[in-house]
K.L.:
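Okay, here's the structure, questions in a sec.
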Amino acid sequence: MSAQEHNPGAFLDLPPEFADRTRARVFVLPIPYEATTTWVKGTACGPAAIIDASHHAETYDEIARDEPFRGGIHTLPPLAPAGEPAEALEDIRRAVADLASQEKFVLSLGGEHALTIGAVRGVADVVDDLTVVQIDAHADLRDEYEGSPLNHACVMRRLVDNFPIVQVGVRSLTVDGARLIEERGIPVFFAERIASTCPFKREEIPVWMNEAIEAIPTRRVYLTFDIDAFDPSIMPAVGTPEPGGLHWYQVLTFLRTLFERRDVVAADIVELCPIDGMVAPDFLAARLAYAIAGHALRA
Ligand SMILES: [Mn+2]
């Protein structure tokens, strides 16, 4: 069954009063876009897997001790752009710009990372002074890959000329990417440094986290979350599982601190590549999506 045929319904399976389009402040936009993934295929099934899994999640937030869904989360029909990548990314741009212009917080669920190019441009059509905060195992700074400048390995290279970027969790890049980071002084918070602050202490914001947020030069942020930023021990369902990744509570603390100190105006979660019969990664992605939506609804 293709992602297009499978209609998983609404995120969290909320009662209609909390999923209503007019009232909702957060819009979940499934984008089962997959055109350029290079190794393991399957990110087109990511959005449906996240929404399916969300139906089994509790809607009470045990850390914040609230029920953020009451602010309203509307799930849009999947946007599955066809055609050449350039055209598909323009479709995504237009859809996201339209929602952003209605002052909705758009949480796009991928799909492959290339969709972020369209989504960021769409948000930037409506709001200015945007920094892209990227949580990812990869720097994604290749100028082109396998003949395409719109490959998912080139996402940040396509954005870095127009937006300040801050990268968190990186542990895989090319020598050209490393040179670009040095030349431009791109703030990159490598996974190795983040890991060295373990064990994680409660009630204490690690130094790297403070520095990462201080490195964001604007108030407004677009957050792109490549799920392979997580350690493969908890997130094996990705195309390129890089060892030495982030862990759950580190990520939750980073997100909480980021939303407290910056105005995060839109986000995406990309690159989930579901594994048949293994629900834990899908469930993690669903919990992550609700964590991000929850912060957006409290803001
Ligand atoms: Mn990645």
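Whatever order the structure lists ligands and atoms in, that order sets their numbers, starting from 1.
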K.L.:
For His74 and Phe27, take the angle between the two ring planes, folded into 0 to 90°, and tell me which bin it lands in: parallel under 30, tilted 30 to 60, perpendicular over 60.
P.N.:
tilted
K.L.:
Any N/O/S atom from Asp136 (main chain or side chain) under 2.8 Å of the Mn ion (ligand 1)?
P.N.:
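It does; at least one qualifying atom falls short of 2.8 Å.
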K.L.:
Would you say Leu76 and Arg21 make side-chain contact, with heavy atoms under 4.5 Å?
P.N.:
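In short, these two side chains touch, coming nearer than 4.5 Å.
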K.L.:
Test your reading of the model: is there a side-chain donor-acceptor pair from Glu271 to the backbone of Asp226, 3.5 Å cut-off?
P.N.:
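No; zero donor-acceptor contacts below 3.5 Å.
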K.L.:
Starting from the Mn ion (ligand 1), look over the N/O/S atoms of Asp228 and name the nearest one.
P.N.:
OD2
K.L.:
Take a 6.0 Å sphere around CD of Glu84 and say whether it holds more than 12 heavy atoms from other residues, nucleotides or ligands.
P.N.:
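Check fails, neighbour count at 12 or below.
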K.L.:
How is the N/O/S atom of Asp226 that comes nearest to the Mn ion (ligand 1) named?
P.N.:
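Considering only N, O and S atoms, Asp226 comes nearest to the Mn ion (ligand 1) through OD2.
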K.L.:
What is the name of the N/O/S atom of His138 that is nearest to the Mn ion (ligand 1)?
P.N.:
ND1
K.L.:
With a 4.0 Å cut-off on N to O distance, would you call Glu182 and Arg179 a salt bridge?
P.N.:
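Salt bridge between Glu182 and Arg179, a charged N being under 4.0 Å from a carboxylate O: no.
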K.L.:
Please state whether the separation between the Mn ion (ligand 1) and some N/O/S atom of Glu242 is under 2.8 Å?
P.N.:
no
K.L.:
Do any of the N/O/S atoms of His152, backbone or side chain, fall under 2.8 Å from the Mn ion (ligand 1)?
P.N.:
no
